[in-house]
Amino acid sequence: MTPVYIALNAGSSSLKFQIFEESGDTEPRLIFKGLFEGLGNSPHFVARDSGGTILDEMSWGPEQFGHEEALVHLVSWLRKHQDGRQLKAIGHRVVHGGAAHSGPVLADEAVLAELETFVPLAPLHQPYNLEPIRISLRRLPGIPQVACFDTAFHRSQPEIAQMFALPREMRERGVQRYGFHGLSYEYIASVLGDYDPRLASGRVIVAHLGNGASLCALRSGASIATTMGFSALDGLPMGTRCGALDPAVVFYMLREMKLSPEEAERILYTKSGLLGVSGLSNDMRTLRSKAVVDADARRAIELFVYRITREIGSLIAALGGIDGLVFTAGIGENDAATRVEVMARLPWTGLALDERANLSGGPRISTGSGPTAWIIPTNEELMIVRQMRSVLSAAQTRLAS
Ligand code: AMP
């Protein structure tokens, strides 16, 4: 039987999945991918093959059909498409691993209880990430569950980069910079050497520009600084999130605007960023198509680019220079215009855009003998599967010794 792995990414009303099989190569091969949307309210399921062709689609009425039913449906769907394959393990994207976890862990009830303690640190994501682990431990005993953290990759940062200038008691309560998008950065760090060996050992800034957006400074492939902090709200403006904000704005919202903490949180997480500034959309494609005629769409993009380049400057200072800049995720990989605009603000770094390579998708999009710029597609799900395999093989080695 060929072992297969499910990589899960659960949100409040969605469950995204990718299914990989051992291929005999060093890397597992993607065989199926898809998602459940609208969980708890008219759910819809779609499964595709690795090329994106729809294999199956199903909708349910507004009945009791949540994450548990979705997971049960997915496992039975997989059984129907098993074809000599056997489910070996499930890997879960978990936003928060706290200060202690610098790598993935095999999840059991005790680990789950520990991860629950991080819910107050990421209340909008952590509960939904943990739900499928809880369900799987109960419904699929014997199938290992691996928690893969968005924060873990940043634990290599110097202590100073993880600190806020706050009273010590607050640090002791866990108020510190954690950083996120770690699965994406770890994947990019792992493939840098395939593009240019000098990147793998050099000073590289990775720009993960998607609906969520952040930057990470890598030295020899390890994170030394990142723009997201205590939460995934900090740093760059994003699709709907505000990015870095003077904390006094929050006091103003609560005290003067008389908003509740929940209302203020909703504005900062879901009504700000590209959407808030443009008043139009959180989607870069829409903003690009309107930018010629709509000044607000233009301003949203300008602010996005301005903040990216300012933060790049800050990370160059943390690194003491730059050898490479990598664009990744939805906007970073696909929006040539954002790459042009970011690079146009960075001539002082020695980065020089190769316009033709940029338009044709790279991978290298710089000219000259200075630092280099690249487009490298990220693959967070493959990173989850790699982490699952390493956790399982470490567990096997422990058992054998
Ligand atoms: P992600 O969260 O990584 O899926 O990225 C989502 C963002 O990528 C959205 O703002 C999309 O508009 C943007 N995006 C995806 N494809 C393109 C494209 N071809 N051109 C411009 N932006 C794109």
Side-chain angles (χ1 to χ4, degrees), residues 7-18 30 33-37 46 48 52 93 95 124-125 128-129 150 180-188 191 206-216 226-228 232-233 235-243 269-292 294 296-308 326-343 353 355 357-363 365 374-384:
L8 287 181
N9 185 354
S12 58
S13 63
S14 68
L15 186 66
K16 291 189 197 147
F17 64 88
Q18 290 202 2
L30 177 67
K33 59 184 175 182
L35 84 160
F36 295 84
E37 284 176 299
V46 59
R48 300 171 186 270
R93 181 180 187 167
V95 70
L124 303 184
H125 297 100
Y128 308 110
N129 298 160
D150 265 321
F180 298 86
H181 287 141
L183 293 165
S184 174
Y185 293 130
E186 189 170 353
Y187 175 79
I188 297 290
V191 298
V206 185
H208 178 110
L209 307 178
N211 207 18
S214 70
L215 305 176
C216 180
T226 190
T227 55
M228 282 179 170
L233 198 55
L236 305 177
M238 308 176 213
T240 62
R241 285 172 254 171
C242 58
Y269 271 96
T270 68
K271 301 205 178 307
S272 302
L274 295 175
L275 172 67
V277 177
S278 70
L280 192 67
S281 173
N282 64 321
D283 193 300
M284 184 55 90
R285 280 167 295 201
T286 308
L287 297 180
R288 286 282 173 206
S289 71
K290 301 279 188 218
V292 183
D294 187 316
D296 292 326
R298 241 178 0 255
R299 193 168 303 118
I301 297 172
E302 274 168 24
L303 180 56
F304 183 61
V305 168
Y306 169 76
R307 292 290 315 156
I308 292 168
V326 174
F327 291 92
T328 195
I331 299 171
E333 291 169 32
N334 298 300
D335 192 31
T338 292
R339 296 191 298 262
V340 168
E341 292 160 16
V342 169
M343 294 282 286
L353 184 69
E355 285 182 22
N358 183 48
L359 287 176
S360 61
I365 57 166
W374 303 82
I375 303 167
I376 303 182
T378 194
N379 196 337
E380 290 160 291
E381 291 77 14
L382 181 57
M383 200 62 233
I384 290 175

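Counting starts at 1 for both ligands and their atoms, following the listed order.
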Query raised in the report: Do the non-hydrogen side-chain atoms of Ile365 and Trp374 ever get within less than 4.5 Å of each other?
Result: no
Query - Flag side-chain contact, heavy atom, 4.5 Å: Asp296 against Val277 - result: no
Query - Residue pair His208, Ser214: steps toward the side-chain hydrogen bond (donor to acceptor under 3.5 Å, both in side chains) verdict - result: CA-CA 5 Å; His208 178 110; Ser214 70; over 6 Å; no
Query - Set of residues that line ligand 1, where lining means a heavy atom lies under 4.0 Å from it - result: Gly210, Asn211, Asn282, Asp283, Met284, Arg285, Ala329, Gly330, Ile331, Asn334, Asp335
For [X], enumerate each residue passing the side chain to side chain donor-acceptor pair (under 3.5 Å) test, keeping only those at least two apart in sequence or located in another chain.
X      : value
Arg241 : none
Arg298 : none
Thr328 : Glu333

